Amino acid sequence: MNLGGSIRINKFGVLIITILLVFLVYYISTGKSRNSNYALNKNPNEVNLRKLLIGSIQAAQRGGLEVVEVSKSPDFNVQSKGKTKEGANDPVTDADFRSHCVMASGLHRIFPKLKIISEEDGEGKSCPDVKLFDLDPTVIHESSNVPDEIVGIEDVTVWIDPLDATQEYTENLFMYVTTMVCVAIKGVPTIGVIHNPFTKKTVWAWADKTVSEPLNVIKRDEDVKHPVVIVSRSHSGNVNILAKDVFGKNSHIIPAGGAGYKVLQVLHNNATAYLHSTAIKKWDICAGNAILAAIGGRMTTQQNQDISYSDKDSYVNEHGLLATAVGGVHELYIKKLIEHQKTLH
């Protein structure tokens with residue numbers, strides 16, 4: 001055995017290994033850069049609406065986790081914001097605040113200059129130890145063709161409802177509960193997300209671009225001979241009388257909680273129209289408005305006016321609303337509503 005012999009180094013092998021190491025380092029570094037650019041909005045003065053759609057879906061789902069978690073506790077810490085104009089109690093819970101913190105803070109970290117209007121903004125509570133998130137493109141199903149579209153940050157307003165149907169939530173009527181995000185461009189509802197935290201089902205749409213899978217397979221019901229009208233169970237005002245007067249004594253009226261839930265019933269053909277006759281906050285209806293627009297439906301005031309969601313407008317829609325999943329049905333129903341209003345004056 002020759003232990004004192006020399007070791008011959010293969011120069012070609014060393015070269016190959018060196019090249020592979022260089023490529024590996026480059027791939028890792030650029031991969032991190034790509035992930036960083038995807039997780040955070042690259043230019044704070046611009047918004048990629050594809051990324052904002054993804055972030056909005058995640059925000060609604062992450063907020064929903066907080067809503068479910070609080071529901072497991074023996075005490076929701078129910079408080080009251082006061083009374084509505086109709087005298088109904090307007091409750092708020094720990095779930096509202098925790099969901100708000102996750103949704104608003106999560107979106108603000110990715111889009112720092114984004115204008116976000118949340119139902120719980122005015123409560124003045126801080127968000128300690130908030131659970132943030134990075135963008136996860138897998139929340140959009142693979143069959144969706146979602147384009148990259150860049151818009152100026154000044155044109156974008158995001159409306160958040162961290163817990164829709166709080167009254168029903170305090171009564172353990174969880175089927176009515178949703179978390180919602182809406183993206184308005186120059187006041188026009190464009191992207192809408194409605195998530196039910198307890199069924200873990202999410203419906204979303206980007207007007208004129210794409211919709212979530214369940215909405216693609218639903219056949220729209222244009223039968224207006226047998227109206228099924230869904231209305232509020234806790235902020236009803238005179239809506240039950242109004243529905244019967246406008247759509248006929250044989251109309252079927254469904255009282256339900258939550259604006260998000262009621263829009264979902266219209267989307268899934270369980271109701272032909274959603275009718276509301278009292279004032280309603282815009283974070284309650286913006287997401288539903290965007291989704292209905294994306295499938296060819298409409299949501300308007302009872303005077304057939306489009307609702308603006310600019311941050312410069314009032315946060316309250318004072319003129320009631322009518323929402324349908326089919327444009328032709330909306331035209332017929334809104335005509336009946338306007339004719340009924342004329343008979344009262």
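The analysis underlying the following values was restricted to heavy atoms, covering all of them including side chains, and did not include hydrogens, waters or symmetry mates. What you are looking at is a predicted structure, and each value in this text was computed from that prediction instead of being measured.
Side-chain contact check for His100 and Ser118: at least one donor-acceptor pair (N or O, by modelled atom type) lies under 3.5 Å. Defined by atom type and a distance below 3.5 Å, a donor-acceptor pair is missing between the side-chain atoms of Thr178 and His195. In summary, the side chains of Asp136 and Thr138 do present a donor paired with an acceptor at a separation below 3.5 Å, with no hydrogens or angles considered. Side-chain atoms of Gln61 and Thr202 form a donor-acceptor pair, as typed in the model, at a separation below 3.5 Å.
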Please test Thr272 against Val266 for side chain to side chain contact (heavy atoms under 4.5 Å, CB included), starting from the C-alpha separation and ending with a verdict.
CA-CA 6 Å; Thr272 48; Val266 173; over 6 Å; no
Carefully, step by step, assess Tyr176 and Arg233 under the rule side chain to side chain contact (heavy atoms under 4.5 Å, CB included).
CA-CA 11 Å; Tyr176 295 129; Arg233 67 183 287 272; 4.2 Å; yes
Show the numbers, then the answer: is there a side chain to side chain contact (heavy atoms under 4.5 Å, CB included) between Val156 and Leu114?
CA-CA 7 Å; Val156 180; Leu114 198 63; 3.8 Å; yes
Run the side chain to side chain contact (heavy atoms under 4.5 Å, CB included) check on Ile191 and Trp204 step by step: do they pass?
CA-CA 7 Å; Ile191 291 173; Trp204 56 263; over 6 Å; no
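Interatomic distance, Ile117 CD1 to Asp311 CG, rounded to the nearest 0.5 Å: 5.5 Å. Here Ile280 contributes atom CD1 and Leu321 contributes atom CG; the two are 5.5 Å apart, rounded to the nearest 0.5 Å. The distance from atom OG1 of Thr300 to atom NE2 of His319, rounded to the nearest 0.5 Å, is 12.0 Å. Taken to the nearest 0.5 Å, the CG atom of Asn43 stands 11.5 Å off from the CG atom of Asn48. We find the OH-CD1 distance between Tyr333 and Ile338 to be 15.5 Å, quoted to the nearest 0.5 Å. From Ser71, atom OG reaches atom CG of Asp94 across 12.5 Å, with rounding to the nearest 0.5 Å.
For the pair Phe133 and Arg109, the tightest heavy-atom approach, listed with the atom from each and the gap, is O-NH2, 2.8 Å. Smallest separation of non-hydrogen atoms from Leu107 and Ser56: CD2-N, 4.1 Å. Smallest separation of non-hydrogen atoms from Val181 and Ala59: CG2-CB, 4.3 Å. The shortest heavy-atom contact between Ala60 and Val193 is CB-CG1, 3.8 Å. Between Ile160 and Trp283, the shortest heavy-atom contact is O-CB, 3.6 Å. In terms of heavy-atom proximity, Val228 sits nearest to Ile254 at CG1-CD1, 3.5 Å.
Lys282 contributes a side-chain N or O that, together with a main-chain N or O of Ser308, makes up a donor-acceptor pair within less than 3.5 Å. A donor-acceptor pair is defined here as one N or O able to donate and one able to accept, closer than 3.5 Å; no such pair exists between the side chain of Asn317 and the backbone of Thr301. Put simply, the side chain of Thr210 never gets that close to the backbone of Trp206: no donor and acceptor are under 3.5 Å apart. In this structure, the side chain of Thr324 engages the main chain of Val326 through a donor-acceptor pair within 3.5 Å. A donor-acceptor contact shorter than 3.5 Å is absent between the side chain of Asp96 and the backbone of Ser99. Put simply, the side chain of Tyr261 never gets that close to the backbone of Asp164: no donor and acceptor are under 3.5 Å apart. Side chain of Glu66 to main chain of Val102: no donor-acceptor pair is present (N/O by atom type, distance under 3.5 Å, no hydrogens or angles). Side-chain atoms of His141 come within 3.5 Å of backbone N or O of Glu213 as a donor-acceptor pair. Listed for the His340 side chain is no donor-acceptor partner under 3.5 Å among the backbone atoms of Lys336. Of the possible donor and acceptor atoms, none in the side chain of Ser310 sits under 3.5 Å from a partner among the backbone N and O of Gly187.
Counted within 6.0 Å of CD1 on Ile241, heavy atoms from surrounding residues, nucleotides or ligands total 12 or fewer; the atom is thus considered open. Summarising the local packing, CG of Asp208 is surrounded by 12 or fewer heavy atoms from other residues, nucleotides or ligands at distances under 6.0 Å. Around NZ of Lys244, the count of heavy atoms belonging to other residues, nucleotides or ligands within 6.0 Å exceeds 12. Heavy atoms of other residues, nucleotides or ligands lying less than 6.0 angstrom from CG of Asn250 number 12 at most.
Between Trp159 and Tyr315, the ring-plane angle classifies as perpendicular under the 30° and 60° cut-offs.
Linking ILVMFWY residues whenever their side-chain heavy atoms come closer than 4.5 Å, directly or via other members, places Ile218 and Leu264 in the same cluster. If you chain together hydrophobic residues whose side chains sit under 4.5 Å apart, Val139 and Leu49 fall into the same group. Hydrophobic clustering, with ILVMFWY side chains joined whenever heavy atoms are under 4.5 angstrom apart, groups Leu163 together with Phe76. Val70 and Val130 sit in two unconnected hydrophobic clusters of ILVMFWY residues. Membership requires side-chain heavy atoms under 4.5 Å apart, directly or through other members. If you chain together hydrophobic residues whose side chains sit under 4.5 Å apart, Leu173 and Ile230 fall into the same group.
Between Phe97 and Asn77, the closest side-chain pair of non-hydrogen atoms is not below 4.5 Å. With contacts defined as side-chain heavy-atom distances shorter than 4.5 Å, the pair Leu275/Leu337 qualifies. With contacts defined as side-chain heavy-atom distances shorter than 4.5 Å, the pair Gln302/Gln341 qualifies.
Taking the charged nitrogens against the carboxylate oxygens, Lys281 and Asp161 have no contact shorter than 4.0 Å, which rules out a salt bridge. Lys115 and Glu154 are not joined by a salt bridge, as no carboxylate oxygen comes within less than 4.0 angstrom of a charged side-chain nitrogen. The residues Arg298 and Asp306 are annotated as salt-bridged, a charged nitrogen and a carboxylate oxygen being separated by less than 4.0 angstrom.
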